[in-house]
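Data first, discussion second: the structure below is written as structure tokens.
Computed from a predicted model, the values in this text were never measured in an experiment. Counting convention: from 1, in listed order, for ligands and their atoms alike.
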Amino acid sequence: MPKNEKADAFVTEITPRSQDFSRWYLDVVRRAELADYSPVKGCMVIRPYGYAIWELLQQALDTRIKAAGHVNAYFPLFIPESLLTKEAEHVEGFAPQVAYVTHGGGEELEERLIVRPTSEAIFGTMYAKWIQSWRDLPVLINQWANVVRWEKVTRPFLRTTEFLWQEGHTAHETEEEAEEETLKILDLYAEVCESMLAMPVIKGRKSESEKFAGALRTYSIEALMGDGRALQAGTSHNLGQNFAKAFDITFQARDKSVQHVWGTSWGVTTRLIGAVIMTHGDDSGLVLPPRVAPYQVVIVPIPRGNWQETVLPKAREIQQQLVAGGVRVMLDDRDSYTPGWKFAEWELRGVPLRLEIGPKDIEKSSVLVARRDTREKLAVPMDGLVGRIRELLENIQRTLFDRAIKFREERTQRVNDYETFKQVMDGRPGFVVAPWCGSAACEAQIKSDTQATIRNMPTTAATPSGHCIRCDHPAVADAWFAKAY
Ligand SMILES: [Zn+2]
């Protein structure tokens with residue numbers, strides 16, 4: 001089969017989003033070359049185009065984490081089994097997902113090692129050595145790492161056995177400081193999701209049954225995906241003194257008494273790439289917000305006449321101008337593909353702007369610009385092109401965010417009685433805000449009746465006045481319910 005023909009078949013293989021969202025997602029991940037399956041079940045290979053998105057996101061997070069006073073370090077991949085078992089709730093929560101190393105150097109190990117599912121145990125062990133006095137506090141350390149959680153059902157980026165993330169671990173003098181840190185990071189995560197990924201999130205507290213194993217309180221950011229299901233996009237935990245007590249992290253306080261530190265931990269993962277795909281993608285494939293797009297602009301020269309002498313030099317000149325203007329550009333000058341194929345290909349891969357340039361455009365001293373988000377096409381004069389392109393990129397970033405907000409608002413309903421709740425959850429998906437009494441039994445019953453879980457309870461919400469939709473007892477919170485990933 002000639003290369004172009006094979007490639008054409010390849011591009012048209014995306015299942016329509018409306019037909020099968022889950023298939024559409026997997027098609028986009030593979031066809032856009034974000035990730036591929038690996039020989040290890042449940043583990044994915046993040047391909048260069050997907051990894052470039054991660055790098056942009058990582059830079060944005062890292063800059064903000066450091067600006068908030070944290071420093072990076074690196075802790076080992078392996079943790080002695082005995083350390084994980086020190087915090088009872090923690091081990092109970094993670095034991096089913098832990099991978100063990102039993103042999104090394106051809107011999108059976110005296111003590112099994114676990115491959116970290118998260119690093120509280122090893123940070124705690126080291127903090128116990130490093131922290132002696134109130135003068136040593138706070139300790140604010142972040143690490144960029146991979147973790148392993150053995151999963152039965154996996155999906156690229158959303159749930160994989162190994163994934164990449166950052167995990168922050170902090171130790172403080174007082175409970176108030178730890179709570180302040182936990183919420184500060186939650187705000188930081190929300191800001192990154194909204195400004196970089198153009199993905200609006202709901203910030204709130206998790207219920208007791210959904211909190212992190214071993215934490216005092218867990219907060220999350222929750223986003224609504226294109227199919228109306230919610231996705232937990234990041235979590236921040238106030239660990240209280242639970243880990244400090246388990247790992248004996250004590251310090252001499254200002255009044256000379258010996259006290260346990262107050263801890264936090266928090267993380268976001270490569271799952272955010274899955275979130276961006278499902279928030280903005282359409283039937284033609286990926287739609288990337290410009291701030292996380294590996295290429296913000298693709299230039300496609302139109303091959304007419306002696307284009308390599310006329311069109312191509314002009315295209316290169318434009319590329320250089322854009323690069324100098326801080327724009328990430330790809331010039332697709334491959335002559336083995338037709339312009340039509342390239343249009344479809346870069347549309348599928350979500351590039352925010354496409355510039356078409358041919359002999360006629362050069363005559364008119366303009367280029368044809370196509371927006372990925374609205375599919376609008378406009379002729380833009382070459383004079384002042386860089387400024388105009390930058391404006392358009394900003395406009396696309398804003399348009400995608402506004403669109404996602406509108407989508408969420410249209411799919412968020414307030415409900416005060418259980419019959420309506422069940423009907424709404426059975427029909428059009430999305431968020432349902434409803435009063436809840438705080439009982440785990442009600443929460444479990446609602447989940448078994450409707451598959452909906454409490455995503456979180458916004459910290460900014462007013463005190464609820466209503467009664468629990470399930471049991472009619474006075475409500476303690478307005479909870480945001482949804483079917484979730
Ligand atoms: Zn209730």
* Asked: Considering residues, nucleotides and ligands other than W144, do more than 12 of their heavy atoms fall under 6.0 Å from its CH2?
  -> yes
* Asked: Are a donor atom and an acceptor atom from the side chains of S284 and R375 found within less than 3.5 Å of each other?
  -> yes
* Asked: So what's near the Zn ion (ligand 1), protein N, O or S atoms under 2.8 Å?
  -> C437 SG, C442 SG, C468 SG, C471 SG
* To do: Assert yes or no for the condition that the ring centre distance of F75 to F123 is strictly below 6.0 Å.
  => yes
* **Of all pairs that satisfy side-chain hydrogen bond (donor to acceptor under 3.5 Å, both in side chains), the ones with a partner from residues 440-449, not counting sequence neighbours** => S207-E443, S209-E443, Y418-D449, Q445-D449
* To do: Return each pair, listed once, that meets side-chain hydrogen bond (donor to acceptor under 3.5 Å, both in side chains) where at least one residue sits in residues 475-485; pairs must be two or more places apart or across chains.
  => D227-Y485, R414-D478
* To do: Mind checking ring-ring contact (aromatic ring centres under 6.0 Å, His included) for W134 and listing every partner two or more places apart, or none if nothing turns up?
  => none
